[in-house]
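What follows is one structure encoded as structure tokens, with my remarks underneath.
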Amino acid sequence: MFTVRKSADRGYADRGWLKSYHSFSFANYYDPAFMGFRALRVINQDTILGGGGFPTHPHQDMEIVTYLLSGALAHKDSLGTGSVIQVGDVQRMTAGTGIRHSEFNASATETAELLQIWLLPSVTGLSPSYEQKHFPAAEKLNQLRLIISSDGAAGSVQVNQDVRTYGSLLASGHRVDYVLEAGRYGWLQVARGVIEIANDAGEIYHLSAGDALAVTALDGAAQPLAMTGRNEDGEPAEILWFDLP
């Protein structure tokens with residue numbers, strides 16, 4: 001079963017320094033049909049103006065992943081950790097029993113754009129922790145690069161949930177294939193550009209930046225999928241693919 005989540009149907013908040021699109025219910029945006037998808041609780045596409053950011057605030061019992069699309073983001077936390085997240089970086093924060101942190105655009109003049117992703121942990125009450133790794137564009141170009149997993153496979157960032165997340169940059173006409181196993185669920189998030197995704201029944205879905213597609217492998221059968229870049233401006237499309245329990 002395929003369910004399209006169009007970019008224009010997402011929630012939206014404009015705080016001046018922050019413009020944020022919400023794929024799922026978040027803060028003042030509420031849609032009972034989109035409270036999350038399986039272990040995915042939040043996918044926010046945030047654009048932060050130069051000098052803007054989130055002052056120190058708390059989190060608890062959530063796996064929070066930051067994926068930079070442009071610019072850079074500086075963070076500090078109550079563990080004494082501090083870093084700058086760059087394009088190609090993936091940062092995981094296990095909020096666990098509780099953590100306080102701040103996130104600010106690292107530039108006073110340039111904008112920063114990112115996807116902030118929240119995953120429900122498989123267990124609660126964990127010790128707070130961070131992990132940050134860099135994934136070069138060459139490792140994602142026209143292939144699915146594992147960037148998040150439950151076991152840190154292939155050098156991916158490790159989260160406390162049975163999820164495998166892949167990043168890909170798909171040049172126009174280039175295709176990647178994936179088989180969603182029976183009993184698993186998939187979420188495709190298009191960060192940039194245009195792609196098409198097809199199943200073995202011949203159904204084809206065209207998705208643009210901000211669009212998403214939820215996939216359920218039904219009837220006890222695996223679901224083969226083909227994802228093809230269709231961007232026409234010469235730049236590759238950028239996607240995140242979530243394989244979820």
Side-chain angles (χ1 to χ4, degrees), residues 3-13 18-24 26 34 36-37 40-49 64-73 85-92 103 105 110-119 132-148 156-157 159 163-176 178 186-197 205-215 225-244:
T3 303
V4 176
R5 175 65 158 155
K6 296 298 291 182
S7 174
D9 295 332
R10 296 178 295 176
Y12 178 67
L18 170 69
K19 293 175 175 56
S20 183
Y21 290 92
H22 311 318
S23 294
F24 305 120
F26 184 83
F34 289 93
F37 181 73
L40 266 177
R41 178 59 189 86
V42 169
I43 298 181
N44 288 347
Q45 181 181 345
D46 293 341
T47 299
I48 303 174
L49 296 183
I64 298 175
V65 175
T66 301
Y67 184 95
L68 257 289
L69 297 170
S70 67
L73 193 69
I85 311 170
Q86 309 278 356
V87 173
D89 290 348
V90 177
Q91 186 197 74
R92 181 267 303 161
E103 298 169 296
N105 190 330
E110 302 294 325
T111 60
E113 186 178 5
L114 60 125
L115 293 176
Q116 185 165 101
I117 300 152
W118 294 12
L119 291 156
Q132 185 171 322
K133 292 187 176 182
H134 182 75
F135 300 91
E139 295 184 6
K140 294 179 282 188
L141 185 60
N142 300 324
Q143 57 189 324
L144 290 169
R145 174 52 162 111
L146 184 66
I147 59 174
I148 302 167
S156 57
V157 169
V159 295
V163 60
R164 295 175 75 83
T165 304
Y166 300 82
S168 186
L169 299 166
L170 286 174
S172 184
H174 287 263
R175 166 180 153 179
V176 292
Y178 192 88
W187 182 274
L188 175 65
Q189 187 73 37
V190 183
R192 298 185 189 280
V194 179
I195 73 155
E196 68 178 32
I197 180 169
Y205 297 83
H206 294 270
L207 304 175
S208 301
D211 292 347
L213 185 71
V215 183
L225 302 165
M227 294 170 261
T228 305
R230 294 298 184 209
N231 222 23
E232 296 181 354
D233 65 2
E235 295 296 322
E238 186 164 8
I239 63 171
L240 291 181
W241 168 253
F242 297 84
D243 184 323
L244 299 156

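Shortest non-hydrogen contact noted between Leu240 and Gly167 is CD2-CA, 3.9 Å. Between Tyr67 and Glu238, the shortest heavy-atom contact is OH-OE2, 2.6 Å. Between Val194 and Ser208, the shortest heavy-atom contact is CG2-OG, 3.9 Å. Closest approach of Val215 to Phe37, counting heavy atoms only: O-CZ, 4.1 Å. Closest approach of Gln189 and Gly210 over heavy atoms only: NE2-O, 3.5 Å. The two atoms that bring Ala209 and Ala191 nearest to each other are CB-O, 3.9 Å, heavy atoms only.
The closest side-chain heavy-atom distance from Phe24 to Arg5 is not below 4.5 Å. At a threshold of 4.5 Å between non-hydrogen side-chain atoms, the residues Val157 and Val65 do not count as touching. Contact annotation: the side chain of Glu103 approaches that of Thr66 to within less than 4.5 Å [non-hydrogen atoms, C-beta and beyond]. For the pair Asn105 and Leu49, the minimum side-chain heavy-atom distance is 4.5 Å or more.
In this structure, CD1 in Ile197 is found 11.0 Å from CZ in Arg175, a value given to the nearest 0.5 Å. Between Ile195 atom CD1 and His206 atom NE2 the span is 10.5 Å, to the nearest 0.5 Å. Atoms CG and OG1, from Leu18 and Thr47 in turn, are 8.0 Å apart once rounded to the nearest 0.5 Å. Rounding to the nearest 0.5 angstrom, the gap separating the CG atom in Leu169 from the CG atom in Leu144 is 10.5 Å. In this structure, Ile64 CD1 and Arg41 CZ are separated by 11.5 Å, a value rounded to the nearest 0.5 Å. Once rounded to the nearest 0.5 Å, the distance linking OG of Ser70 with CD of Glu110 reads 9.5 Å.
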**Request:** Give the intermediate values and the outcome of side chain to side chain contact (heavy atoms under 4.5 Å, CB included) for residues Val176 and Trp241.
**Result:** CA-CA 11 Å; Val176 292; Trp241 168 253; over 6 Å; no
**Request:** I would like to know whether Phe34 and His22 meet side chain to side chain contact (heavy atoms under 4.5 Å, CB included); could you show each step before the answer?
**Result:** CA-CA 10 Å; Phe34 289 93; His22 311 318; over 6 Å; no
**Item:** Worked verdict on Thr111 versus Ile48 for side chain to side chain contact (heavy atoms under 4.5 Å, CB included)
**Value:** CA-CA 6 Å; Thr111 60; Ile48 303 174; over 6 Å; no
**Request:** Decide side chain to side chain contact (heavy atoms under 4.5 Å, CB included) for Leu114 and Leu69; before the verdict, give the C-alpha distance in whole Å, the side-chain angles of both, and the deciding distance to 0.1 Å.
**Result:** CA-CA 5 Å; Leu114 60 125; Leu69 297 170; 5.7 Å; no
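No donor-acceptor pair closer than 3.5 Å links the side chain of Asn44 to the backbone N or O of Asp46. Using a distance-only test at 3.5 Å, with no hydrogens or angles considered, no donor-acceptor pair links the side chain of Asn231 to the main chain of Ser172. When atom types are taken as modelled, the side chain of Asp211 and the backbone of Val190 share no donor-acceptor pair closer than 3.5 angstrom.
The number of heavy atoms from other shown groups lying within 6.0 Å of CD (Gln143) is above 12.
Less than 6.0 angstrom separates the ring centroid of Tyr166 from the ring centroid of Tyr178. If you look at Trp118 and Phe26, their ring centroids are closer than 6.0 Å.
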